[in-house]
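One structure is given below, encoded as structure tokens.
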Amino acid sequence: MYERFAREYAAHAEDSAYNAFYDRPAVLGLAGDVDGLSVFDAACGPGLYAAELLDCGARVTGCDVSPTFVDMARARTGGRADLRVHDLSEPLAWVEDDAYDLVVLALAVHYIDDRVALLSELRRILKPSGALVLSTEHPTMTWMRLGGSYFAEEPYEESLSDEKDWPIRAWRRPLTSICAGFRAAGFLIEELLEPHPVPEMADRYPEDYAQLEALPAFVAFRLIPAPPR
């Protein structure tokens, strides 16, 4: 979906309110100390998260379905990460079991039709002691924007931007269903975070800051593999 506007979106995400001052700090905060860890950046986009993970001492592998994003991520990370073109709706056949200490999946799980299959695959490549950190749109925000029933589970199409033609297709799901998908894939929720914007946003984007201090736009999770039954 992002391929047709990948470069425009990358320029936007680098310094935007919701990306640079909201989601990235939340996701990287949940990731914690990554120094010396092996990290898989699923849906790596233009490499904004991967670059920060590398700067914090992680060894990073990742993928994205957009060839343009992968090219940009490789350039941003200067060859320090193993980044590939891969569609996350397909198995990660090139990744061994129990390969990573941490998987990051930022603002992407809602694009996947069979999210349990993806999450199960990410569970497979995680070490038993590892964690998956992911973020997605807060279901309350989706409901307020789209209307209808909060409990609806259905795909929808819209533009990612009010000003630009950035068409996307995503899924709306209530929080109960989101969490049930984690359980079905073999994860437990270690931490659930409804992020606050970082203080720096107040100066750069005061209207967005005020809105996000009143209502969360995204929700983030730190998931750990459930013990065998």
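Small disclaimer: the values here were computed from a predicted structure and weren't measured. Basis for what follows: all heavy atoms, side chains included, without hydrogens, waters or symmetry-related copies.
Using a 4.0 Å cut-off between a side-chain N of Lys or Arg and a carboxylate O of Asp or Glu, Asp97 and Arg123 do not qualify as a salt bridge. Note on Arg4 versus Asp165: salt bridge recorded, some NZ/NE/NH1/NH2 to OD/OE distance being below 4.0 Å. For Arg84 and Asp64, the salt-bridge test fails: no basic side-chain N is under 4.0 Å from an acidic carboxylate O.
Among residues at least two apart or in separate chains, salt bridge (Lys or Arg N to Asp or Glu O under 4.0 Å) pairs with a member in residues 126-154 are Asp101-Lys127, Glu137-Arg145, Arg145-Glu158, Glu154-Arg172. Sorted by first and then second residue, the salt bridge (Lys or Arg N to Asp or Glu O under 4.0 Å) pairs with a member in residues 31-58 read Arg24-Glu52, Asp55-Arg80; sequence neighbours excluded.
At least one side-chain heavy atom of Leu188 sits less than 4.5 Å from a side-chain heavy atom of Pro227. With a 4.5 Å cut-off on side-chain heavy atoms, His110 and Leu107 count as touching. Between Val65 and Leu88, the closest side-chain pair of non-hydrogen atoms is not below 4.5 Å. In this structure the side chain of Met201 reaches within 4.5 angstrom of the side chain of Leu212, judged on heavy atoms. Annotation: side chain of Val27 is not in contact with side chain of Phe218 (no heavy-atom distance under 4.5 Å). Here the side chains of Glu121 and Arg124 are in contact, with some heavy-atom distance below 4.5 Å.
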> Should Asp113 and Arg169 be marked as a salt bridge (charged side-chain N to carboxylate O under 4.0 Å, His left out) after you check the CA-CA gap, both sets of side-chain angles, and the distance that decides it?
Replying inline: CA-CA 10 Å; Asp113 289 341; Arg169 176 185 180 276; 2.7 Å; yes
>> Using the rule given for side-chain hydrogen bond (donor to acceptor under 3.5 Å, both in side chains), can you reason through Arg115 versus Ser89, listing the C-alpha separation, both sets of side-chain angles and the distance that settles it, and then say yes or no?
In response: CA-CA 8 Å; Arg115 75 203 190 280; Ser89 65; over 6 Å; no
>> Run the side-chain contact (heavy atoms from CB on, under 4.5 Å) test on Leu92 and Ile125 for me, step by step, so that the C-alpha distance in whole Å, both residues' side-chain angles and the decisive distance to 0.1 Å come before the verdict.
In response: CA-CA 9 Å; Leu92 293 159; Ile125 70 172; 4.0 Å; yes
>> Before you tell me yes or no, could you show the steps for Tyr156 and Leu146 under side-chain contact (heavy atoms from CB on, under 4.5 Å), namely the whole-Å CA-CA distance, both residues' side-chain angles and the distance that decides it to 0.1 Å?
In response: CA-CA 9 Å; Tyr156 64 92; Leu146 298 179; 3.6 Å; yes
>> Please evaluate residues Tyr22 and Asp208 with respect to the criterion side-chain contact (heavy atoms from CB on, under 4.5 Å), reporting the C-alpha separation (whole Å), side-chain torsions for both, the decisive distance (0.1 Å), and the verdict.
In response: CA-CA 10 Å; Tyr22 191 57; Asp208 292 305; over 6 Å; no
> What do the steps show when you test His12 against Asn19 for side-chain contact (heavy atoms from CB on, under 4.5 Å), and what is the final call?
Replying inline: CA-CA 9 Å; His12 162 81; Asn19 295 94; 3.8 Å; yes
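Taking CG of Asp23 as the reference point, atom OG of Ser16 lies at 9.5 Å (rounded to 0.5 Å). With rounding to the nearest 0.5 angstrom, the CE atom of Met141 is 11.0 Å from the CD atom of Glu194. Residue Cys44 holds its SG atom at 11.5 Å from OH of Tyr49, rounded to the nearest 0.5 Å. Of the inter-residue distances, the one linking Met1 atom CE with Ile168 atom CD1 reads 6.0 Å to the nearest 0.5 angstrom. For the atom pair Leu30 CG and Phe221 CZ, the distance stands at 10.0 Å (nearest 0.5 Å). One distance of note links CD1 of Ile224 with CZ of Phe182; it measures 13.0 Å at 0.5 Å rounding.
The minimum heavy-atom distance linking Ala31 with Arg222 is given by the pair O-NH1, 3.4 Å. Residues Pro199 and Tyr209 approach most closely at CA-CE1, 4.2 Å, considering heavy atoms. Between Phe40 and Cys63 the shortest heavy-atom distance is CZ-SG, 3.8 Å. The nearest pair of heavy atoms linking Gly45 to Ala73 is O-CB, 3.6 Å. Nearest heavy atom pair, residue Val219 against residue Pro195, reads CA-CD, 4.3 Å. Between Pro139 and Leu175, the closest heavy-atom pair is CG-N, 3.8 Å.
Under the 3.5 Å distance criterion, the side-chain polar atoms of Ser120 are matched with a main-chain donor or acceptor of Val116. In this structure, Arg74 contributes its side chain and Leu83 its backbone to a donor-acceptor pair below 3.5 Å. The backbone N or O of Arg7 lies less than 3.5 Å from no partner atom in the side chain of Thr68, so there is not a single donor-acceptor pair. Arg76 contributes no side-chain N or O that, together with a main-chain N or O of Ala51, makes up a donor-acceptor pair within less than 3.5 Å.
When hydrophobic clusters are built by joining Ile, Leu, Val, Met, Phe, Trp and Tyr residues whose side-chain heavy atoms come closer than 4.5 Å, directly or via intermediates, Ile112 is grouped together with Phe187. Note: the hydrophobic cluster containing Val104 also contains Leu193 (ILVMFWY, side chain heavy atoms under 4.5 Å, direct or indirect links). There is no path of hydrophobic side-chain contacts, each under 4.5 Å, that joins Leu160 to Tyr205. Val60 and Val34 fall within a single hydrophobic cluster, where Ile, Leu, Val, Met, Phe, Trp and Tyr side chains are chained together by heavy-atom contacts under 4.5 Å. Placement of Trp166 and Tyr18 in two distinct hydrophobic clusters is found when ILVMFWY residues are connected by side-chain heavy-atom separations under 4.5 Å, directly or transitively.
Residues Tyr111 and Tyr2 place their aromatic rings such that the two centres sit under 6.0 Å apart.
Exactly one residue among Leu223, Leu122, Leu134 makes a side-chain contact (heavy atoms from CB on, under 4.5 Å) with Val103. That residue is Leu122.
Using cut-offs of 30° and 60° for the angle between ring planes, the His86 and Trp94 rings count as perpendicular. Ring planes of Tyr9 and Phe5: perpendicular class, angle over 60° (limits at 30 and 60°).
For Trp143, the CH2 atom sits in a loose shell: 12 or fewer heavy atoms of surrounding residues, nucleotides or ligands are nearer than 6.0 Å.
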